[in-house]
Amino acid sequence: PFPGEYVLLSQGETISDVIKRAGGVNPSAYLKGGLLVRLASAEDKTRNSATRRLLRQASDSLDVSKIDMRDHYTVGIDMTKALGKPKSVDDIILEAGDRIIIPENTNTVSIGGEVMYPNVVVFQEGKPLDYYINMAGGYSERAKRGKTYVVYMNGNVSRAAGAKIESGCEIVVPRKPDRKAMSATEIMSIGTST
């Protein structure tokens, strides 16, 4: 296994082709966590720039810098299938600038967001979501439980309901939106309108 930069030799070269040229994968490689990061095209970047300009013009109160318009994105892949069945639909054709990342198994699960104590714990095969939430002290009062999601190492994201927890994944519990407090005038207007 020889990590590094590899030039695509021909059009239609796939993940398995490049991994083979690189000498295969290390025995400690965690294929389920394999990730493909792709550069956004010039067209995508132009669209993102135009979208930012339109949003900036549309609303002075909107913080456009917080809108995620990256110059790269993750392509959801199944590295085990891609390498197990070369030239199959799972063995994605690469583009110039693609990065293939195959991590080592961390054997942990990260729990973050609206839990009592955000934590990283040892992965336990077959344990359900609630087990990991409890390992972080349970949900906080502001937790939006029904919107909990799981981010897998390969970049895929799944709603937590029924999701299989895997080594290296991150469980994220979003926060309920803040309720706008009513002003005294608004309270008075409700009382006088009845």
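By convention here, the first residue in the shown sequence is residue 1. Being a predicted model, the structure only gives us computed values, none of them experimental.
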Open item on the list: Arg99: which residues meet the salt bridge (Lys or Arg N to Asp or Glu O under 4.0 Å) condition with it, sequence neighbours left out?
Closed with: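 In terms of salt bridge (Lys or Arg N to Asp or Glu O under 4.0 Å), with neighbours along the sequence ignored, Arg99 is linked to no residue.
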
Got [X] and [Y] here, is their nearest side-chain heavy-atom distance under 4.5 Å?
{"X": "Tyr149", "Y": "Glu170", "value": "no"}
{"X": "Arg21", "Y": "Leu9", "value": "yes"}
{"X": "Lys144", "Y": "Pro177", "value": "yes"}
{"X": "Ile171", "Y": "Ile165", "value": "yes"}
{"X": "Val109", "Y": "Met135", "value": "no"}
{"X": "Tyr73", "Y": "Arg38", "value": "yes"}
{"X": "Leu94", "Y": "Glu13", "value": "no"}
{"X": "Ile93", "Y": "Gln11", "value": "no"}

Minimum heavy-atom distance [X]-[Y], with the two atoms named:
{"X": "Ala29", "Y": "Ile102", "value": "CB-CG2, 3.7 Å"}
{"X": "Gln124", "Y": "Tyr131", "value": "CG-OH, 3.5 Å"}
{"X": "Ala163", "Y": "Tyr152", "value": "CB-OH, 3.6 Å"}
{"X": "Ala82", "Y": "Asp90", "value": "CB-O, 3.3 Å"}

Task: Asp91 side chain to Ser88 side chain, donor-acceptor N/O pair below 3.5 angstrom - done: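 Judged by distance alone, the side chains do not pair up.
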
- [ ] Quick one: list whatever passes side chain to side chain donor-acceptor pair (under 3.5 Å) with Thr106, sequence neighbours left out.
- [x]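 If we apply the side chain to side chain donor-acceptor pair (under 3.5 Å) test to Thr106, skipping adjacent residues, the hits are Thr108.
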
Task: Donor-acceptor contact below 3.5 Å, side chain Asn105 vs main chain Asn107 - done: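 Side chain of Asn105 to backbone of Asn107: a pair is present.
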
Open item on the list: Test your reading of the model: is there a side-chain donor-acceptor pair from Asn134 to the backbone of Asp130, 3.5 Å cut-off?
Closed with: yes

Whether [Y] and [X] form a salt bridge (side-chain N of Lys/Arg under 4.0 Å from carboxylate O of Asp/Glu) is what I want to check.
{"X": "Glu114", "Y": "Arg142", "answer": "no"}
{"X": "Asp78", "Y": "Lys32", "answer": "no"}
{"X": "Lys176", "Y": "Glu141", "answer": "no"}

- [ ] Determine whether more than 12 heavy atoms belonging to other residues, nucleotides or ligands lie under 6.0 Å from atom NZ of Lys20.
- [x]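 Result for NZ/Lys20: open.
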
- [ ] Could you state whether Leu83 and Leu35 fall into the same hydrophobic cluster, counting links through intermediate Ile, Leu, Val, Met, Phe, Trp or Tyr residues with side-chain heavy atoms under 4.5 angstrom apart?
- [x]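 No, separate clusters.
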
